[in-house]
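Atoms considered below: every heavy atom in the structure, side chains included; atoms not considered: hydrogens, waters and symmetry mates. In each ligand, atom 1 is the first atom listed, and ligand 1 is the first ligand listed.
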Amino acid sequence: MGEYRSPWVDDEVRHVGRLARSFFERSVIPHTERFAAQHRVDRETWCEAGRLGLLCPSIRDEHGGGGGTFAHEAAILWEQGRLADDSLPYAIHSTIVPHYIQEYGTEEQKRRWLPGLASGALIGAIAMSEPSGGSDLKAVRTLARREGDHYVITGAKSFITNGSMAGLVLVVARTGEPGARGLSIIGVETEHATGLSHGGPLRKIGQHGQDTRELFFDEVRVPATHLVGEVEGRGFAQLMAQLPQERLAIAVGAVAQAEYAVELAVQYAKERTAFGRSLWDLQNTRITLAECATEARVARVFLDHCIVEHLKGRLDAATASQSKYRSTDVLSSIADRCLQVFGGYGYVLDYPIARIYAGARVQRIYGGANEIMKELVARSL
Ligand SMILES: Cc1cc2nc3c(=O)[nH]c(=O)nc-3n(C[C@H](O)[C@H](O)[C@H](O)COP(=O)(O)OP(=O)(O)OC[C@H]3O[C@@H](n4cnc5c(N)ncnc54)[C@H](O)[C@@H]3O)c2cc1C
C-alpha cells in the first residue's frame with residue numbers, strides 16, 4: 001500500500017512522535033504485565049514522561065507545558081496506539097485535564113496545578129460519571145454546597161481513571177439548580193481531601209494497567225478558590241467545549257491501534273502455516289486483511305481532516321463525534337477480524353492483538369457512548 005503522510009505532521013511533530021515511541025518501547029511496553037497486576041503504572045513512569053517533555057506538550061510554556069499544539073499531543077497518542085499500550089492513561093492526564101485549567105482556570109490555579117501536571121509530579125483525573133449514569137451529564141447528583149470560603153462535596157463518581165493515583169481530580173458537581181446550568185467543575189487536591197475515599201480497582205475486561213476506581217465524597221471540604229473559572233454554573237458549558245478534544249484523542253488512539261492490528265495480522269498470516277501453506281495463501285485471509293487495511297486508511301484520512309480542522313480552531317462537536325464513533329467502531333471490527341487470523345493465540349494476552357481487542361470494546365462506551373455521538377451528529381443535520 002502506498003505510503004501515506006498525515007498533513008499535520010511536520011519535522012518537529014515527527015521528532016516528538018519518535019521520542020514518544022522510544023519512551024513507550026523502553027519504559028511502558030516491557031512492564032505491561034506488571035502494570036496490569038498492580039492496576040496502575042509506576043509513579044516514576046509519569047515522572048519520566050514529564051522529564052522527556054511528553055506531558056502537557058500543548059500547555060503554554062509559562063505554566064510548565066511544551067508550548068505546542070494538539071499536533072504534539074496527537075503524535076504521542078498515535079505512537080502509544082501504534083504500540084498498543086493500554087496502561088498509561090495519557091489522554092486523561094495530558095490532553096484533557098490540563099486544558100480545563102488552561103482555558104478556564106484562574107492564574108493562581110494555573111500556577112498551582114499546571115507545572116506539576118507537566119512534570120508528572122501531580123497526576124490528573126476528571127470525575128464526571130456517577131453510579132446513576134455517565135451519559136446524562138446534566139443529571140449529575142454530586143453536590144458541592146458553599147460554606148463560607150469552602151465547598152463541601154458529597155456524592156459518588158464511578159469509573160474514574162487515575163482514581164487512586166490522582167493528586168488532582170476535576171470534579172463535576174452541582175453547585176446550583178437542577179439541569180445543566182447548576183453544574184460546576186471543582187479541583188480537588190486529594191492529599192488534603194478528608195472524606196475522600198476510593199473503591200478497589202475495577203476488574204475490567206481490558207486496559208488492566210489503568211487505575212480505574214469509584215470515588216466517594218463524604219463532606220469533602222475544598223477551598224472555594226478551587227472552582228475552575230471564577231463563576232459557578234459554567235461546568236456544563238466547559239465540558240461541552242472540551243469534550244471534542246477528548247473525543248478526537250480517543251479517535252487518534254483508535255485509528256493507530258487499527259493500523260497496528262492490520263500490520264500484526266498481515267505479518268502473522270505470512271508466517272503461519274495451515275494445511276501445508278501459509279495463511280496468507282488462503283484467499284479468505286487476503287480479502288479480510290485487504291478490507292481491514294482499507295477501512296483503517298479511510299478512518300485515518302477522516303481523522304486527519306478532523307485534526308487539521310481542530311488545529312485551525314474549526315472542529316465542531318458533531319464532526320468530532322463522527323470521528324470518535326466511526327474510528328472506535330472501525331477499531332472494534334478490525335480488531336475482531338485480525339484476532340481471528342491469529343486463531344487461539346489471538347486470545348492470549350501475550351499477543352498484542354489480544355490487548356487491542358479487549359481495549360477496543362470500551363472505546364465505544366467511554367468519552368461519550370457512540371449512541372450519544374450519533375445523537376450529537378443528528379442534532380447538527
Ligand atoms: C475503563 C473506563 C474508564 C473511564 N474513565 C472515566 C473517567 O476518567 N472519568 C469519567 O467521568 N468517566 C469515565 N468513564 C465512564 C464513561 O465515560 C461512562 O461509562 C460512559 O459515559 C457511559 O456511562 P454509563 O456507563 O453510566 O452508561 P449509561 O449512561 O447508563 O448508558 C448505558 C448505555 O445506554 C445507551 N445510551 C445511553 N444514553 C443514550 C441515549 N441518549 N441514546 C441512545 N443510547 C443511549 C448507550 O449504549 C450506553 O452505552 C470510564 C469508563 C470506563 C469503562
Side-chain angles (χ1 to χ4, degrees), residues 35-36 39-41 85-100 117 123-142 153 155-174 180 183-188 190 198-217 228 235-236 238-240 242-247 249-250 253-254 317 321 324-325 328-329 331-332 355-379:
F35 294 157
H39 304 285
R40 52 157 67 182
V41 301
D85 170 52
D86 62 1
S87 304
L88 190 77
Y90 179 83
I92 293 273
H93 174 91
S94 182
T95 319
I96 298 168
V97 167
H99 290 270
Y100 284 92
L117 290 168
I123 295 171
I126 182 158
M128 301 175 263
S129 307
E130 302 192 340
S132 54
S135 301
D136 186 3
L137 285 175
K138 289 181 189 163
V140 158
R141 294 180 182 181
T142 297
I153 303 179
K157 295 288 180 183
S158 53
F159 306 114
I160 304 309
T161 305
N162 288 335
S164 74
M165 289 193 89
L168 175 69
V169 184
L170 298 184
V171 179
V172 179
R174 187 160 298 288
L183 295 178
S184 301
I185 300 178
I186 299 171
V188 175
T190 57
H198 55 73
L202 296 180
R203 297 175 60 244
K204 309 182 296 282
I205 61 175
Q207 303 192 342
H208 299 295
Q210 294 196 19
D211 172 34
T212 320
R213 312 254 180 169
E214 283 187 292
L215 295 183
F216 306 103
F217 297 82
V228 176
F236 191 76
Q238 293 167 350
L239 289 167
M240 290 307 108
Q242 291 299 312
L243 283 172
Q245 175 152 309
E246 173 171 358
R247 287 164 184 158
I250 294 171
S321 303
K324 191 269 179 184
Y325 101 70
T328 55
D329 277 359
L331 170 62
S332 274
R355 273 208 315 275
I356 295 174
Y357 175 82
R361 190 61 187 86
V362 75
Q363 298 180 44
R364 287 157 55 197
I365 296 170
Y366 65 26
N370 282 5
E371 290 82 359
I372 301 286
M373 299 301 97
K374 292 174 194 176
E375 274 291 335
L376 292 173
V377 174
R379 273 182 221 162

Exercise. Is it true that a side-chain atom of Gln238 and a backbone atom of Tyr100 form a donor plus acceptor pair closer than 3.5 Å?
Worked result: no
For this session: Determine whether Ile250 and Tyr366 make a side-chain contact, defined as any pair of heavy atoms from C-beta on separated by less than 4.5 Å.
Result: yes
Exercise. Taking the side chain from Arg213 and the backbone from Ile160, do they hold a donor-acceptor pair closer than 3.5 Å?
Worked result: no
Problem set entry | Criterion side-chain contact (heavy atoms from CB on, under 4.5 Å) on Val362 and Lys204, from CA distance to verdict | CA-CA 10 Å; Val362 75; Lys204 309 182 296 282; over 6 Å; no
For this session: May I ask you to check whether over 12 heavy atoms, not counting those of Lys138, lie within 6.0 Å of atom NZ?
Result: no
Between ligand 1 and the protein, tabulate every N or O atom pair separated by less than 3.5 Å, reporting distance only.
from, atom 1, to, atom 2, distance (Å)
ligand 1, 5 (N), Phe159, O, 2.8
ligand 1, 5 (N), Thr161, OG1, 2.8
ligand 1, 8 (O), Thr161, N, 3.1
ligand 1, 8 (O), Thr161, OG1, 3.2
ligand 1, 9 (N), Ile126, O, 2.9
ligand 1, 11 (O), Met128, N, 2.8
ligand 1, 11 (O), Ser129, N, 2.9
ligand 1, 11 (O), Ser129, OG, 3.3
ligand 1, 12 (N), Ser129, OG, 2.7
ligand 1, 14 (N), Phe159, O, 3.4
ligand 1, 23 (O), Gly134, N, 3.4
ligand 1, 26 (O), Gly134, N, 2.7
ligand 1, 29 (O), Ser135, N, 3.0
ligand 1, 29 (O), Ser135, OG, 2.7
ligand 1, 47 (O), Glu371, OE1, 2.9
ligand 1, 47 (O), Glu371, OE2, 3.2

Problem set entry | Main-chain N/O of Val172 paired with Lys157 side-chain donor or acceptor, under 3.5 Å | yes
